[in-house]
Amino acid sequence: MNDRIQKITSEIESFVASGKEELEQFRLKYLSKKGEIQELFKAFRDVPPEQRRELGKSLNALKKLAHEKFDHLASTLQTRESTNIGFVDLTRPAEEIQLGSRHPISLVNNRIINIFSRIGFTVSEGPEIEDDWHNFTALNFPEEHPARDMQDTFFLEKDPDVLLRTHTSSVQVRVMKNSSPPIRTISPGRVFRNEAISARSHCIFHQIEGLYIDRDVSFADLKQTLYYFAREFLGPNTQVRFRPSYFPFTEPSAEMDVTCKICHGKGCNVCKFTGWLEILGCGMVDPNVLDKCGIDSSVYSGYAFGIGIERTAMTLFQIKDIRLYFENDLRFLKQFTSAVE
Ligand code: DAH
């Protein structure tokens with residue numbers, strides 16, 4: 001019996017319990033009525049009288065040890081649970097972190113800002129709610145111009161007119177009024193037009209306006225700057241061409257096309273088999289506009305340009321429908337993670 005007591009003593013001493021199930025096993029094995037210690041007490045009855053004293057002592061000590069061990073195990077488990085440490089499986093794979101991605105409009109916007117800031121252009125911002133003077137009058141729009149019509153512009157109030165700006169060119173007016181040449185700035189922002197929503201047009205979109213004013217600024221400066229921009233933006237082999245156009249606030253005015261990034265000028269679906277894509281409007285700031293904004297047109301000249309972000313991003317990423325930009329569908333937005341600057 002002594003050997004048995006020794007064996008159970010060392011078993012109990014080395015017992016570890018990492019959960020409630022093991023604690024219960026311990027109780028059943030050593031402390032229950034049918035447990036091993038109780039069995040020893042039963043067997044004790046047959047022990048000859050001369051051994052009783054010694055064995056009785058050891059047996060009682062064993063019983064005490066088992067109870068103490070049980071209490072100790074139970075309280076350690078409870079502390080673990082209440083401090084919530086529990087069992088930590090360090091080999092478990094970590095949960096995947098869901099990283100967001102930039103919206104394609106922001107990607108293109110940031111890239112354009114980056115390209116122009118490298119050649120000294122600052123960023124200026126203006127309000128989305130404008131008055132007639134900054135959006136139209138100062139920019140030489142005649143009274144009867146169709147853009148001033150309710151069909152094309154969202155008016156918030158009439159007489160005096162308050163409207164949602166139809167282009168970011170209103171910011172060039174604000175910059176010219178508030179500072180003096182040399183001026184070299186770009187103005188990114190949201191613009192609004194009362195247009196039916198379709199795959200190619202939306203009532204909300206984004207533009208970046210550019211403005212450069214100094215002494216002796218010529219059309220050659222405009223062309224060279226935009227050529228630099230096109231190559232930085234679309235790759236070193238990009239070619240540009242300028243087509244005559246009309247804007248009330250520039251004279252002469254032009255549209256700039258770039259060689260199609262997809263077919264490199266050979267002709268494809270994206271460029272409608274012309275090999276060229278229109279990406280911006282531009283021109284020399286009309287002297288009337290300079291004078292209206294407090295800049296002496298006999299001393300200074302300048303150029304301006306306006307880039308439509310949605311259309312540009314559509315050609316860059318081959319996006320077929322402008323509405324996708326505004327729907328916030330993650331399946332669409334996630335595709336541009338790898339296209340970061
Ligand atoms: N404001 C024009 C538009 O919304 C874009 C534009 C064209 C801006 C020529 C300019 C410019 O500054 O010179 O269509």
Side-chain angles (χ1 to χ4, degrees), residues 109 112 116 121-128 130 132-142 145-149 151-154 163-177 183-195 200-214 217-227 229-230 240-258 277-290 292-293 295 297 300-312 314 322:
N109 219 30
I112 296 177
F116 281 104
F121 280 75
T122 58
V123 175
S124 317
E125 289 184 330
E128 290 177 355
E130 265 299 4
D132 172 280
W133 194 79
H134 288 93
N135 197 80
F136 294 130
T137 308
L139 287 165
N140 236 4
F141 278 78
H145 193 283
R148 293 184 162 210
D149 196 286
Q151 301 300 317
D152 286 324
T153 300
F154 290 112
L163 48 95
L164 295 180
R165 68 178 176 197
T166 58
H167 51 190
T168 43
S169 304
S170 54
V171 186
Q172 62 160 281
V173 175
R174 289 181 176 275
V175 174
M176 286 192 276
K177 286 282 296 172
I183 294 170
R184 207 168 359 173
T185 193
I186 52 173
S187 323
R190 204 156 40 160
V191 302
F192 308 84
R193 288 190 199 169
N194 193 356
E195 279 184 31
R200 293 287 297 168
S201 63
H202 204 284
C203 55
I204 303 173
F205 56 100
H206 298 76
Q207 291 186 332
I208 291 193
E209 178 81 10
L211 178 69
Y212 182 35
I213 301 188
D214 205 345
V217 176
S218 74
F219 204 87
D221 297 316
L222 166 64
K223 281 176 97 170
Q224 192 56 38
T225 307
L226 293 179
Y227 185 37
F229 162 68
V240 298
R241 76 176 182 190
F242 290 81
R243 283 179 292 106
S245 185
Y246 170 77
F247 299 103
F249 38 92
T250 44
E251 183 59 34
S253 306
E255 316 255 8
M256 186 177 91
D257 298 343
V258 291
L277 293 165
E278 180 192 320
I279 65 161
L280 56 83
C282 58
M284 300 307 291
V285 180
D286 192 303
N288 279 340
V289 174
L290 292 177
K292 276 193 183 127
C293 296
I295 290 176
S297 62
Y300 294 105
S301 55
Y303 64 72
F305 55 88
I307 307 170
I309 306 298
E310 275 76 359
R311 296 262 169 95
T312 309
M314 279 169 97
I322 201 169

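This one's a predicted model, so the numbers in the text were calculated from it and none came from an experiment. Order of appearance sets the numbers: ligands from 1, and atoms from 1 within every ligand. Numbers here simply count residues along the sequence, with the first being 1.
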Could you please spell out the steps behind the salt bridge (Lys or Arg N to Asp or Glu O under 4.0 Å) verdict for R184 and D214? CA-CA 9 Å; R184 207 168 359 173; D214 205 345; over 6 Å; no

Indicate yes or no: does an N/O atom of G210 lie under 3.5 Å from an N/O atom of ligand 1?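 Min N/O separation from ligand 1 is not below 3.5 Å for G210.
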
Please indicate whether any nitrogen or oxygen in H167 is less than 3.5 Å from any nitrogen or oxygen in ligand 1.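 Min N/O separation from ligand 1 is below 3.5 Å for H167.
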
Side chain proximity check, T185 to V123, heavy atoms < 4.5 angstrom: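 The answer is no, as the side chains (C-beta and beyond) never meet within the 4.5 Å cut-off.
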
Say whether Y303 and ligand 1 are in contact under the criterion: heavy-atom distance to a ligand atom below 4.0 Å.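 For ligand 1, residue contact (heavy atoms, under 4.0 Å) with Y303 is absent.
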
Would you please determine whether R193 falls within less than 4.0 Å of ligand 1 on a heavy-atom basis?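 R193: in contact with ligand 1 (<4.0 Å).
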
Which residue and heavy atom of the protein sit nearest [atom], plus the separation:
atom	answer
atom 13 (O) of ligand 1	A304 O, 3.1 Å
atom 2 (C) of ligand 1	F249 CZ, 3.9 Å
atom 5 (C) of ligand 1	G306 CA, 4.0 Å

Structural part of C282 in contact with ligand 1, heavy atom criterion under 4.0 angstrom: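 Just the backbone.
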
Determine whether the side chains of H206 and E310 contain a donor N or O and an acceptor N or O closer than 3.5 Å.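 Their side chains do contain a donor-acceptor pair, which is all the 3.5 Å distance test asks for.
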
Without hydrogens or angle criteria, can the side chains of T225 and Y303 be said to hold a donor-acceptor pair below 3.5 Å?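 Yes, a side-chain donor-acceptor pair sits under 3.5 Å.
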
Looking at the rings of F305 and F116, which for Trp means the six-membered one, are their centres under 6.0 Å apart?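 Yes, they do, as the ring centres are separated by less than 6.0 Å.
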
Hey, mind stepping through D152 and R193 against salt bridge (Lys or Arg N to Asp or Glu O under 4.0 Å) and telling me if it holds? CA-CA 6 Å; D152 286 324; R193 288 190 199 169; over 6 Å; no

